[in-house]
Amino acid sequence: MSTLVLICDDSKLARRQLARSLPNDWDIKVEFAEHGIDCLEKIKKFSPEILFLDLNMPQMDGYGVLEAIRDQGLNVLTVVVSGDIQPNAHQRVIELGAIDFIRKPCDADKLVEIIEHHGIRDRSIRESLVHKLGEQLEPEIRDIYQELTNVAMGQAGDLLARLLNVFVELPIPNVNVLEVSELHMALQAIDASASTSGVCQGFIGGGVSGEALLLLNDSSFKEVASLMNYHGELNDKIELELLMDISNILIGAILTGLSRQLDMSFSQGHPVVLGQHCDVSDLVKANKSRWQRTLAIEISYGIENHNINCDLMLLFTEDSLKTLKYKVAYLLED
């Protein structure tokens, strides 16, 4: 039985080029869509198993399509094909449920590599991937995790603001269930072009476990040192102390805030240095064995009028999802 593939792009040339780039020995039937609204109609009409999706289109863009696929529970594996190569674009499409991202113009070898990597020629693997996508967070549960994190990160931000005597800018936290490959991409998208130092700390309690990962842009150390009244010459040892101070404040406070709201206590392990002064991609590569499928909560802290960029990610193990869902279920009751 042929695999039904849908290619959505507002450019006829791009649609045809991508279709010609698909493996010749793959038993497929290809349909085309010209824009986002057309794409959703074709998904509902033909029930394709795989969608290759452009981002920048009229009437409804690719982001809108991904949101509709997620919100309407449509079962299709989506690979984004786009000329928008910004790290944030990569991260956003993964967060919205795409399984991968290909840069335009589409390279046939890269396309084959992605197809083979995800095993999407194999029907049983495709069904498994669709099942996992179906396990993504329900909107109500996501909202609760986001609100719990809002409260906890506010407490952490308050401690940091008092320590440094600054105004801490608090973002809206990102909450997603990510496969390990998606987590790598999300981490790399934080600041792909900057040198970074990172530390992580494990936590466990009440059937919930995970790691808190803190990444600090190396360009932030000078201003962090100044705000903490350190005026000597910076070296690796001093910067590591500063990194540990910041991580102790933020990780400790946010875990305390969450534990109080969830009515469970967390025991924290010793902090582990993931790397100093390295690209995020190198840091991820060196530590990728640490992370598996996870509930990831990302918080990006900024400090007003200061060049300080700090990202905190809480990575809960897959085994924790059931316990967490049970813990927050009562908040959904009327």
Side-chain angles (χ1 to χ4, degrees), residues 55 61-71 78 80 84 86-101 132-133 135-157 160 168-192 194 196 198 200-201 203 208 210-217 247 250-251 253-255 257-258 261-262 280-281 283-284 291-303 308-318 320-321 324-325 328:
L55 287 182
D61 63 14
Y63 296 113
V65 172
L66 287 168
E67 290 173 353
I69 289 172
R70 179 195 63 193
D71 295 344
T78 305
V80 168
D84 187 348
Q86 301 175 76
N88 286 345
H90 290 229
Q91 181 179 5
R92 187 177 174 192
V93 300
I94 295 300
E95 290 172 350
L96 288 172
I99 63 171
D100 219 320
F101 186 107
K132 286 183 177 180
L133 289 174
E135 293 175 348
Q136 298 297 308
L137 294 175
E138 300 95 326
E140 296 88 350
I141 297 295
R142 184 192 304 273
D143 288 345
I144 291 177
Y145 288 153
Q146 195 169 70
E147 182 58 27
L148 293 175
T149 307
N150 271 326
V151 173
M153 76 179 188
Q155 296 170 0
L160 188 62
V168 176
E169 299 167 338
L170 299 178
I172 297 174
N174 289 321
V175 181
N176 293 283
V177 174
L178 301 178
E179 300 296 328
V180 62
S181 60
E182 299 166 347
L183 176 59
H184 294 167
M185 185 174 290
L187 289 170
Q188 290 172 352
I190 288 175
D191 201 339
T196 303
C200 72
Q201 190 167 12
F203 57 88
V208 173
E211 287 187 315
L213 169 64
L214 185 130
L215 300 176
L216 184 64
N217 189 304
S247 68
L250 294 180
I251 293 174
I254 202 162
L255 288 178
L258 287 175
Q261 296 175 87
L262 294 170
V280 173
S281 59
L283 186 151
V284 170
W291 302 307
Q292 301 300 321
R293 187 169 188 262
T294 183
L295 168 66
I297 301 178
E298 180 192 348
I299 306 160
S300 298
Y301 287 96
I303 296 180
I308 297 177
N309 299 295
C310 178
D311 288 272
L312 174 63
M313 292 193 77
L314 297 176
L315 309 175
F316 294 88
T317 63
E318 184 176 8
S320 301
L321 295 179
L324 285 170
K325 188 174 181 179
V328 303

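Side chains included, hydrogens not; waters and symmetry mates left out as well; all remaining heavy atoms used.
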Distance (rounded to the nearest 0.5 Å) between [X] [atom1] and [Y] [atom2]:
X: Leu295; Y: Lys325; atom1: CG; atom2: NZ; answer: 12.0 Å
X: Ile254; Y: Leu214; atom1: CD1; atom2: CG; answer: 10.5 Å
X: Gln155; Y: Leu160; atom1: CD; atom2: CG; answer: 14.0 Å
X: Leu250; Y: Leu312; atom1: CG; atom2: CG; answer: 6.5 Å
X: Gln261; Y: Ile144; atom1: CD; atom2: CD1; answer: 11.0 Å
X: Thr78; Y: Leu96; atom1: OG1; atom2: CG; answer: 10.5 Å

Sequence neighbours excluded, the answer for side chain to side chain contact (heavy atoms under 4.5 Å, CB included) partners of Leu170 is Met153, Val168, Tyr301
Looking only at heavy atoms, what is the nearest atom pair of [X] and [Y], with distance?
X: Phe203; Y: Leu315; value: CZ-O, 4.4 Å
X: Pro173; Y: Gln146; value: O-NE2, 2.8 Å
X: Met313; Y: Ala296; value: CE-CB, 4.0 Å

Is the shortest heavy-atom distance from the side chain of Asp61 to the side chain of Leu55 under 4.5 Å?
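No, too far: nothing below the 4.5 Å cut-off.
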Leu255 side chain reached by Leu314 side chain, heavy atoms, under 4.5 Å:
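A side-chain contact exists here, since the closest heavy-atom pair is under 4.5 Å.
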So Leu66 and Val80, side-chain contact (heavy atoms from CB on, under 4.5 Å) or not? Walk me through it.
CA-CA 10 Å; Leu66 287 168; Val80 168; 4.2 Å; yes
If the condition is ring pair (Phe, Tyr, Trp, His ring centres under 6.0 Å), which residues does Tyr63 pass it with, not counting sequence neighbours?
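Ring pair (Phe, Tyr, Trp, His ring centres under 6.0 Å) check on Tyr63 returns nothing, list empty.
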